[in-house]
2 protein chains.
Amino acid sequence: MKNQALILLDTVERLGNLLRVGLRQAGVAQSLQPIHLQALLYLNEANRYSNTPQALAEYLGLTKGTVSQSLLLLARRRLIARHADEKDGRVVRLALTDKGKEVLKELGLINVWRDALQAASPARLSSATKVLKEALATLQARNGHRTFGVCVTCRHNLHIGPRSYVCGLTKEKLSSREVSKICREHSPVEENAV
Amino acid sequence: MKNQALILLDTVERLGNLLRVGLRQAGVAQSLQPIHLQALLYLNEANRYSNTPQALAEYLGLTKGTVSQSLLLLARRRLIARHADEKDGRVVRLALTDKGKEVLKELGLINVWRDALQAASPARLSSATKVLKEALATLQARNGHRTFGVCVTCRHNLHIGPRSYVCGLTKEKLSSREVSKICREHSPVEENAV
DNA sequence: CTATCAAGTATCGACACGATACGTTTCGTG
DNA sequence: CACGAAACGTATCGTGTCGATACTTGATAG
């Protein structure tokens, strides 16, 4: 009898492979590699502190040199726009162009899972998500990776009023739309006292 | 409020990426790519009907030409052995060498998850596994992929006595060790009547 | 002003990956 | 048996990822 955790590992690994293969096939039409689509997906969700090459490299777990090449390709295709930061001349700000957003829409990733998970009850979905999120957080912590969560779950986030937020780290106000994006500086709230 | 299934998709995708990055780092010592390690892992679990280049290609979702190249590299390194099938001159049989098994041992993949999942109760683990396995099966079915399960869960498998099995497809006897390996011809038992 | 560090780019080599073409073997049909 | 189709595998080529290394530029500390 194999360890239950090992079976879960195996299942996640195979699902991950399948998703990757699916991404590859989805990108064939645009002749884009999986990594390109992942970059576009990330930029679509990244907040203003996290739309840089360095942040993307950390998110994907790759080196900045590698990511730089992929970004050059995306820029050549006019799927992303690059412009220098106003404050710091070293950093490059990345943003999806309309064409880039269009590509994401055509992917239709939502459909991929809708049928695959329709048999499962919401309670089971939520339970499974919780287990995997814990595993994800643990692995990230051990490998020194950032968590890249949304502001809502971040301990720096201060809810100062209705639809009014402030990031305790940058002292800047954030819109209610902004706090549902993912951030490089994300630090999960402690949950020891459950 | 985002769809719960989408959050699970995102989590699985990120876990998959993390595992892939982990595989890459684990392979640095042997200067092996993730795909090479996945091939070794597969061959370690494949039964006698499934230890061929074609089966590996289907398992990984890649083309046979691509897989052929990776196998050439593994053979050059003496991590796998290749010899022609006795019956069918077209097929090549693959097997891990002692050196290949050694590499897998040194990876120590078990440790990766032990701490990551130690917080979760067995019941939650089992529930999460069930949800993901369903998703995996659905995705595989829709994309025409094989399931690559173990014989124990296969409808072709006949339990004819204590520790005595027969595959209904090939009419061959299988040892009790063999039925816990994964098979290219695997077809899950119907579970409509749960 | 200078040393140091960080963000990003450029370049190189190894190799994954798909596409295509090819050779070999098996199998079916007349 | 002969012929053609199909299956398994290999060879080759082009694109592009990926890490490593070296570099350019800008920010910062002393």
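In what follows, every chain begins at residue 1, and chains take the letters A, B, ... in the order their sequences are listed. Computed from a predicted structure; not experimentally measured.
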Looking only at heavy atoms, which two atoms of B:Val67 and B:Pro53 are closest? And how far apart?
->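 In this case the closest contact between B:Val67 and B:Pro53 is CG1-O, 4.0 Å.
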
Considering non-hydrogen atoms only, spot the tightest contact between B:Gly168 and B:Leu158 and give its length.
->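 Closest heavy-atom pair between B:Gly168 and B:Leu158: CA-CD1, 4.3 Å.
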
Does A:Glu172 reach the side chain of A:Val166, with side-chain heavy atoms less than 4.5 Å apart?
->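 A side-chain contact under 4.5 Å is absent here.
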
Flag the pair B:Val103 / B:Leu32 as yes when at least one side-chain heavy-atom distance between them is below 4.5 Å, and no otherwise.
->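 Yes, side chains in contact.
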
Return the value, rounded to whole Å, for the distance between atom [atom1] of [X] and atom [atom2] of [N].
| X | N | atom1 | atom2 | result |
| --- | --- | --- | --- | --- |
| A:Leu60 | D:dG16 | CG | P | 18 Å |
| B:Gln33 | D:dG16 | CD | C1' | 13 Å |
| B:His36 | D:dC18 | NE2 | C1' | 13 Å |

Exercise: do [X] and [Y] side chains pair donor with acceptor under 3.5 Å:
| X | Y | value |
| --- | --- | --- |
| B:Ser187 | B:Arg155 | yes |
| A:Gln30 | A:Glu106 | yes |
| A:Thr66 | A:Thr63 | yes |

Reading nucleotides 3-12 of chain D from 5' to 3' and marking B where a protein heavy atom lies under 4.0 Å of the base, S where only the sugar-phosphate is that close, and - otherwise, the string is ----BBBBBB

Mapping A:Ser70 and A:Glu86 onto DNA chain D by nearest heavy atom, which one lands closer to the 5' end?
->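 Checking each residue's closest nucleotide, the 5'-ward one belongs to A:Ser70.
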
Scan residues 14-32 of chain A against DNA chain C and write down, sorted by residue number, each residue with any heavy atom closer than 4.0 Å; if none is found, say none.
->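 Close to the strand are A:Arg24.
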
Can you pull the contact range of chain A along DNA chain C, 5' to 3', using atoms under 4.0 angstrom from its heavy atoms?
->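 The protein-touched segment is C:dA6 to C:dG18.
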
Can B:Asp88 and B:Arg90 be said to form a salt bridge (charged side-chain N to carboxylate O under 4.0 Å, His left out), step by step?
-> CA-CA 5 Å; B:Asp88 191 331; B:Arg90 295 173 300 182; 2.9 Å; yes

Run the ring-centre check on B:His186 versus B:Phe148 and record whether the distance is less than 6.0 Å.
->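 Centroid distance B:His186-B:Phe148: not below 6.0 Å, so no.
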
Mind checking whether A:Tyr59 and A:Tyr42 have parallel, tilted or perpendicular rings, split at 30° and 60°?
->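 Tilted.
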
